Engineer: 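Here's a structure for you.
Quantities reported herein were computed from a predicted structural model and do not represent experimental measurements. Lettering of chains follows the sequences in order, A, B, ..., and the numbering in each one begins at 1.
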There are 2 protein chains.
Amino acid sequence: MDISNSEFEVLQALWRVHPADAQTVVDELNKEKSWHEKTVKTLLGRMVKKGAIEFEKNGRSYIYSPVLEVEAYQVQESQSLIERLFNGRIAPLVTGFAKNKNLSKQDIDELKNLIDNWEQKND
Amino acid sequence: MDISNSEFEVLQALWRVHPADAQTVVDELNKEKSWHEKTVKTLLGRMVKKGAIEFEKNGRSYIYSPVLEVEAYQVQESQSLIERLFNGRIAPLVTGFAKNKNLSKQDIDELKNLIDNWEQKND
DNA sequence: GGTAAAGAATTACAGGTGTAATCAATTTCG
DNA sequence: CGAAATTGATTACACCTGTAATTCTTTACC
């Protein structure tokens, strides 16, 4: 269930173009970096074996899709980080982040919005 | 510069007890899990080689300390996640998190506080 | 229908990881 | 002083990762 760094790059490309055959993924990836076709296919195969992506046959070739959509993956990864490093609490993450990188007005507005919603639902 | 999962467990124990010799780290770890002393020492050695921890000699044994304090490590890891997955923006992380796990009153208060501070400094 | 092209499966190989065991050096206890 | 115990260093070994090359299979063209 653990994706390696290289596998993750392929997964990101697949999110942009799925469903797609291997060659399409290779082409999408090669807009940015230049990985050998064989390398990309190995990584697709490894992710299939891990259950991170799946495929349907279409004649001679496979049509790949990610098992998790990008939003689900984001949630999974952020919760894992927050549990591992922040004892499950999100506010300290935000505070620590804000100490090092200044928040933008857009960030502040989005956070305010979130808080407003929360307050309407709860209390 | 990349810490493996097992190494990270050892590092967390070391944060709690540092500066400490190997045996102290082993004992601290064995409160929770039961790793062989040899395993822990291997991991300490590997982290020294990677520059994640350092030591001073004390007679026959080494006294280990983490190079990064836990706060610095938290910042480093959260920024890395935010860049990889959220294009460098933190608000979407919080929004996604809040969609799946409800925020607590404490979280909301801390976020409000952060926003107040921000508004006093900027605009 | 046989051969080339294309795609997937298998193999390769060095370096990292999990999990120790063995070796070597040093200290300490009898 | 010599044997035992302790501690770090070296070695082990299977599985994962990065990065492909080679082999096998199927399709498509001549």
Engineer: Using five base pairs at each end, measure the axis-to-axis angle across the helix from C:dG1-D:dC30 to C:dG30-D:dC1 and round it to 10 degrees.
Structural biologist: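 It works out to 30° between the end axes.
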
Engineer: Holding to side-chain hydrogen bond (donor to acceptor under 3.5 Å, both in side chains), I want the full list of residues that pass it with B:Glu37, two or more places apart in sequence or in another chain.
Structural biologist: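 By the side-chain hydrogen bond (donor to acceptor under 3.5 Å, both in side chains) rule, B:Glu37 matches B:Lys41.
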
Engineer: Starting at NZ of B:Lys50 and ending at C1' of C:dG18, how long is that distance when rounded to a whole Å?
Structural biologist: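 Nearest whole value for this atom pair: 12 Å.
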
Engineer: Of all residues at least two apart in sequence or in a different chain, which pass the salt bridge (Lys or Arg N to Asp or Glu O under 4.0 Å) check with B:Lys57?
Structural biologist: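 Salt bridge (Lys or Arg N to Asp or Glu O under 4.0 Å) list for B:Lys57, sorted by chain: empty.
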
Engineer: Tell me: CD of A:Glu37 to P of C:dA8, nearest whole Å?
Structural biologist: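 After rounding, the gap between these two atoms is 9 Å.
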
Engineer: Expressed in angstrom and rounded to an integer, what is the separation of B:Met47 atom CE from C:dT19 atom C1'?
Structural biologist: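 Computing the B:Met47:CE to C:dT19:C1' distance gives 15 Å.
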
Engineer: For A:Ile82 and B:Leu93, run side chain to side chain contact (heavy atoms under 4.5 Å, CB included): C-alpha distance rounded to whole Å, both residues' side-chain angles, the deciding distance at 0.1 Å, then the answer.
Structural biologist: CA-CA 11 Å; A:Ile82 288 170; B:Leu93 188 166; 4.3 Å; yes

Engineer: Show me, pair by pair, the donor-acceptor contacts under 3.5 angstrom made by side chains of residues 63-72 of chain A, not counting sequence neighbours?
Structural biologist:
unit_1, atom_1, unit_2, atom_2, d
A:Glu69, OE2, A:His18, NE2, 3.3

Engineer: Applying a 4.0 Å non-hydrogen cut-off, can you work out what B:Leu44 is touching in the nucleic acid: base, sugar-phosphate, or nothing?
Structural biologist: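 Since no nucleic acid heavy atom lies under 4.0 Å of B:Leu44, the category is nothing.
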
Engineer: If I take atom CG in residue A:Leu43 and atom P in nucleotide D:dC16, what distance separates them, rounded to the nearest angstrom?
Structural biologist: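 Nearest whole value for this atom pair: 15 Å.
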
Engineer: Quick one: which residue pairs count as a salt bridge (Lys or Arg N to Asp or Glu O under 4.0 Å) with a foot in residues 85-95 of chain B, not counting sequence neighbours?
Structural biologist: A:Asp107-B:Arg89, A:Glu110-B:Arg89

Engineer: Among B:Glu28, B:Met47, B:Arg46, find the one that has a side-chain contact (heavy atoms from CB on, under 4.5 Å) with B:Val10.
Structural biologist: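 For B:Val10, the side-chain contact (heavy atoms from CB on, under 4.5 Å) check succeeds only for B:Met47.
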
Engineer: Just grab all the ring pair (Phe, Tyr, Trp, His ring centres under 6.0 Å) pairs involving residues 66-88 of chain A, residues at least two apart or on different chains.
Structural biologist: A:Phe8-A:Tyr73, A:Trp15-A:Tyr73

Engineer: Before giving the answer on side chain to side chain contact (heavy atoms under 4.5 Å, CB included), spell out for B:Asn58 and B:Asp21 the whole-Å C-alpha distance, their side-chain angles and the decisive distance to 0.1 Å.
Structural biologist: CA-CA 9 Å; B:Asn58 178 302; B:Asp21 65 14; over 6 Å; no

Engineer: Can you measure A:Asp21 atom CG to C:dG7 atom C1' for me and round it to whole angstrom units?
Structural biologist: 10 Å

Engineer: Calculate the interatomic distance between B:Asp2 atom CG and D:dT17 atom C1'; express it in whole Å.
Structural biologist: 12 Å

Engineer: Any residue in residues 4-14 of chain B with a heavy atom nearer than 4.0 angstrom to DNA chain D? Just list them by number, or reply none.
Structural biologist: none

Engineer: Mind checking what makes salt bridge (Lys or Arg N to Asp or Glu O under 4.0 Å) contact with A:Lys99, not counting sequence neighbours?
Structural biologist: none

Engineer: Taking side-chain hydrogen bond (donor to acceptor under 3.5 Å, both in side chains) as the test, write out the residues that go with A:Lys112, two or more places apart.
Structural biologist: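 Per chain and number, A:Lys112 pairs via side-chain hydrogen bond (donor to acceptor under 3.5 Å, both in side chains) with B:Glu119.
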
Engineer: Between the side chains of B:Asn87 and B:Glu83, is a donor N or O closer than 3.5 angstrom to an acceptor N or O?
Structural biologist: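 No, B:Glu83 and B:Asn87 have no side-chain donor paired with an acceptor closer than 3.5 Å.
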
Engineer: Dump the pairs, protein N or O against N or O of nucleotides 20-24 of chain C, anything under 3.5 Å, distances to one decimal.
Structural biologist:
unit_1, atom_1, unit_2, atom_2, d
C:dA20, OP2, B:Thr39, OG1, 3.3
C:dA20, N7, B:Thr42, OG1, 3.1
C:dA20, N6, B:Thr42, OG1, 2.8
C:dA21, OP2, B:His36, NE2, 3.2
C:dT22, O4, B:Lys38, NZ, 3.0

Engineer: Just jot down the side-chain hydrogen bond (donor to acceptor under 3.5 Å, both in side chains) partners of B:Thr42, sequence neighbours excluded, or say none.
Structural biologist: none

Engineer: B:Trp35 side chain to B:Leu29 main-chain N or O, any donor-acceptor pair under 3.5 Å?
Structural biologist: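 Looks like no, no N/O pair under 3.5 Å.
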
Engineer: Atom NZ of A:Lys41 and atom P of D:dC24: how far apart are they, to the nearest Å?
Structural biologist: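 Spelled out: NZ on A:Lys41 to P on D:dC24 is 17 Å.
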
Engineer: Among residues 52-67 of chain B, which ones have heavy-atom contacts with DNA chain D below 4.0 Å?
Structural biologist: B:Arg60, B:Ser61, B:Tyr62

